[in-house]
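Quick note: numbers below take in every heavy atom, side chains included, and nothing from hydrogens, waters or symmetry partners.
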Amino acid sequence: MQQQSALDLAAHTTLRLGGPARRMVDAASVDELVTTITEADDQGEPLLVLGGGSNLVVADAGFHGTVVRITSRGMTATDAGDAVRLVVAAGEPWDDVVAHAVDAGMSGLECLSGIPGSTGATPIQNVGAYGASVEDVITRVRVWDRAERRVLDLAPVDCRFGYRTSVFKHADRHVVLEVEFELERTSLSAPIRYAELARRLDVAVGERAPLAAVRATVIELRRGKGMVVDPDDPDSTSAGSFFTNPILDAEAFARLEQAVAQRFGDDVHPPAWPDQDGRTKTSAAWLIERAGFARGHGDGSIGLSRKHTLAVVNRGGGTTTELVEFARSIRDGVYATFGVELHPEPTLVGVAI
């Protein structure tokens, strides 16, 4: 294990924001990770588990405890009939895993190409994009249970996956050690569910396409939205999508439709996708833009991406305090216009929106 002190967390987040950690430990193995966590818990020390830092907003004051950065590596594939089980260490960079699966002819992860961060973070957020989510292919999540102080293997049902959430989010009892995926051994993608991606691939929704073509197209689409981390692209200095898409019950969605009609006329309707229990998912990006916050909105160091209204970016020299105030103004503006409350997607450390 490597230990450092008074190290700014800004260097370890894609937003390039965040103050110092009292102590940072790099854990390259399960034993090192469990040892660090147990020591912190024994001492009553605040603990922050850090992966790729792509979904993290840290206060300017930093974190007055132990930050353990998971740097474990390793991927093991085992054939299981027509499927293949891929077991991945939590510290593996996620896009490296996707690239490996595509190159090896393993289908199921290709639509999740270009997403920054570590593999261990994917079940926490139930990472998803272009019609796919990791819950579609996860078969097991191995965790360290801080309450019972033992290693557990959780089945998907125990993970309580939902839209950009899981049993792991907003709780710190479980620390992900490794993730097992069940993928299909084929050169073709899983059926394409997302209309924009299908159009770019020139296939119908529900059809398959070559794995490499799907990966390349997804990365191209993400890059066009500033959602691929690129030091030469200031619009990529973000935490990805800052707000989740609202999921509304029938009454709330009816109120939204009425508010939209009153503002824009009866011919304009908010985006709508059926969800569970009669609820409807709508687009946070659409609401933000129609509330008057266009791409590139904001005159200071913090603003909206010029490529995508869901991304709040640090243009350089910004602070977390400024980012929180800006995000709050977007949230409040949408609520004042449409009566819909937006919720942040990133993990907030030491701050609240």
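- Heavy-atom minimum distance, Gly114 versus Arg215: N-NH1, 4.3 Å.
- Within a 6.0 Å radius of CZ in Arg328, other residues, nucleotides and ligands contribute more than 12 heavy atoms.
- No donor-acceptor pair under 3.5 Å is formed between the side chain of Asp145 and the backbone N or O of Arg150.
- Under a 3.5 Å cut-off, the side chain of Asn314 and the backbone N or O of Gly318 do form a donor-acceptor pair.
- Checking side-chain atoms of Thr280 against main-chain N and O of Phe253 turns up no donor-acceptor pair under 3.5 Å.
- Note that the CZ atom of Arg331 and the CG atom of Leu287 stand 14.5 Å from one another [nearest 0.5 Å].
- Without hydrogens or angle criteria, Ser241 side chain to Phe243 main chain gives no donor-acceptor distance under 3.5 Å.
- For Tyr163 and Trp273, the distance between ring centers is not under 6.0 angstrom.
- The backbone N or O of Ala261 sits nowhere less than 3.5 Å from a side-chain atom of Asp266 that would complete a donor-acceptor pair.
- The pair Glu207-Arg199 does not count as a salt bridge, with every side-chain nitrogen at least 4.0 angstrom from each carboxylate oxygen.
- Side chains of Cys111 and Tyr194 form no contact here, defined as non-hydrogen atoms less than 4.5 Å apart.
- In this structure, the side chain of Thr13 engages the main chain of Leu17 through a donor-acceptor pair within 3.5 Å.
- Looking at Gln125 and Asn55, their side chains do bring a donor and an acceptor atom within 3.5 Å of each other.
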Exercise for the section: Test Thr217 against Tyr130 for side chain to side chain contact (heavy atoms under 4.5 Å, CB included), laying out the working first. Expected result: CA-CA 11 Å; Thr217 303; Tyr130 297 102; over 6 Å; no
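- Here the closest heavy-atom approach between residue Phe181 and residue Thr122 is recorded as CZ-OG1, 4.4 Å.
- Linking ILVMFWY residues whenever their side-chain heavy atoms come closer than 4.5 Å, directly or via other members, leaves Val87 and Val176 in distinct clusters.
- A side chain to side chain contact (heavy atoms under 4.5 Å, CB included) with Asn245 is found for one member of Glu345, Lys281, Arg164 and no other, namely Lys281.
- Using modelled atom types, no side-chain atom of Ser133 and backbone atom of Asp136 make a donor-acceptor pair closer than 3.5 Å.
- The pair Glu180-Arg142 does not meet the salt-bridge criterion, since no charged nitrogen lies less than 4.0 angstrom from a carboxylate oxygen.
- In the hydrophobic clustering of this structure, Val179 does not group with Leu50; members are Ile, Leu, Val, Met, Phe, Trp, Tyr whose side-chain heavy atoms approach within less than 4.5 Å, directly or through other members.
- Side-chain contact between Arg223 and Asp230 is present, with at least one heavy-atom pair separated by less than 4.5 Å.
- Side-chain N/O atoms of Glu45 and Thr66 include a donor and acceptor closer than 3.5 Å.
- Side-chain contact between Val143 and Val175: absent, with no pair of heavy atoms (C-beta onward) separated by less than 4.5 Å.
- Heavy atoms of other residues, nucleotides or ligands lying less than 6.0 angstrom from CG of Asp79 number more than 12.
- Looking at Leu221 and Glu196, their side chains come closer than 4.5 Å, going by heavy atoms from C-beta outward.
- Looking at heavy atoms from C-beta onward, Ile115 lies out of side-chain contact with Asp95 at the 4.5 angstrom threshold.
- The heavy-atom pair separating Met227 from Pro116 by the smallest distance is O-CD, 4.3 Å.
- Remark: the Thr165 side chain and the Asn126 side chain contain no N/O donor-acceptor pair separated by less than 3.5 Å.
- In this structure, Ile288 CD1 and Arg295 CZ are separated by 12.0 Å, a value rounded to the nearest 0.5 Å.
- The pair Glu251-Arg255 counts as a salt bridge, with a side-chain nitrogen and a carboxylate oxygen less than 4.0 angstrom apart.
- Asp60 contributes atom CG, which lies 11.5 Å from atom CG of Leu9 (distance to the nearest 0.5 angstrom).
- Using a cutoff of 4.0 Å between basic side-chain nitrogens and carboxylate oxygens, Asp42 and Arg149 are scored as salt-bridged.
- Side chains of Thr319 and Leu323 form no contact here, defined as non-hydrogen atoms less than 4.5 Å apart.
- Salt bridge Asp233/Lys307: present, at least one basic N to carboxylate O contact under 4.0 Å.
- The shortest heavy-atom contact between Arg185 and Ala104 is NH1-O, 3.2 Å.
- A donor-acceptor pair under 3.5 Å is formed between the side chain of Ser107 and the backbone N or O of Ala190.
- One hydrophobic cluster, built from ILVMFWY side chains closer than 4.5 Å, holds both Leu48 and Met24.
- Atom-to-atom distance recorded for Leu183:CG and Leu109:CG is 4.5 Å, nearest 0.5 angstrom.
- His174 and Phe168 have perpendicular rings, their planes meeting at more than 60° on a 0 to 90° scale where under 30° would count as parallel.
- A donor and an acceptor atom, one from each side chain of Glu110 and Ser189, are nowhere located under 3.5 Å apart.
- In this structure, OG1 in Thr14 is found 8.5 Å from CG in Leu56, a value given to the nearest 0.5 Å.
- Under the 4.5 Å side-chain heavy-atom criterion for Ile, Leu, Val, Met, Phe, Trp and Tyr, Val127 and Val228 are members of distinct hydrophobic clusters.
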Exercise for the section: Assess whether side chain to side chain contact (heavy atoms under 4.5 Å, CB included) is satisfied between Ile302 and Val313, documenting all intermediate values. Expected result: CA-CA 6 Å; Ile302 304 296; Val313 300; over 6 Å; no
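- Under the 4.5 Å side-chain criterion, counting only non-hydrogen atoms from C-beta, Pro123 is in contact with Phe161.
- When side chains are defined from C-beta on, Val340 does not count as touching Tyr335, because their heavy atoms never get closer than 4.5 Å.
- For the atom pair CG (Asp96) and OG1 (Thr119), the distance works out to 8.5 Å, reported to the nearest 0.5 Å.
- Without hydrogens or angle criteria, Asp332 side chain to Ser329 main chain gives no donor-acceptor distance under 3.5 Å.
- Using a 4.5 Å cut-off between side-chain heavy atoms of Ile, Leu, Val, Met, Phe, Trp and Tyr, with links allowed through other members, Val49 and Val30 fall into the same hydrophobic cluster.
- Side-chain atoms of Trp94 come within 3.5 Å of backbone atoms of Leu112 as a donor-acceptor pair (strictly under, hydrogens ignored).
- We find that Asp172 and Arg146 are joined by a salt bridge, their nearest charged nitrogen and carboxylate oxygen being less than 4.0 Å apart.
- With respect to the salt-bridge test (charged N to carboxylate O, under 4.0 angstrom), the residues Arg140 and Asp153 qualify.
- In plain terms, the two heavy atoms of Ala59 and Gly350 that are nearest each other are CB-O, 3.7 Å.
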Practice task
Please assess Val88 against Leu86 for the test side chain to side chain contact (heavy atoms under 4.5 Å, CB included), listing each intermediate value before the final yes or no.
Solution key: CA-CA 6 Å; Val88 184; Leu86 183 66; 3.8 Å; yes
Exercise for the section: For side chain to side chain contact (heavy atoms under 4.5 Å, CB included), just list the numbers for Thr347 and Val57, CA-CA rounded to whole Å, side-chain angles, deciding distance to a tenth of an Å, and then say yes or no. Expected result: CA-CA 6 Å; Thr347 297; Val57 178; over 6 Å; no
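- Ser283 approaches Pro246 most closely through the heavy-atom pair C-CD, 4.4 Å.
- Within 6.0 Å of CD in Gln276 there are 12 or fewer heavy atoms belonging to other residues, nucleotides or ligands.
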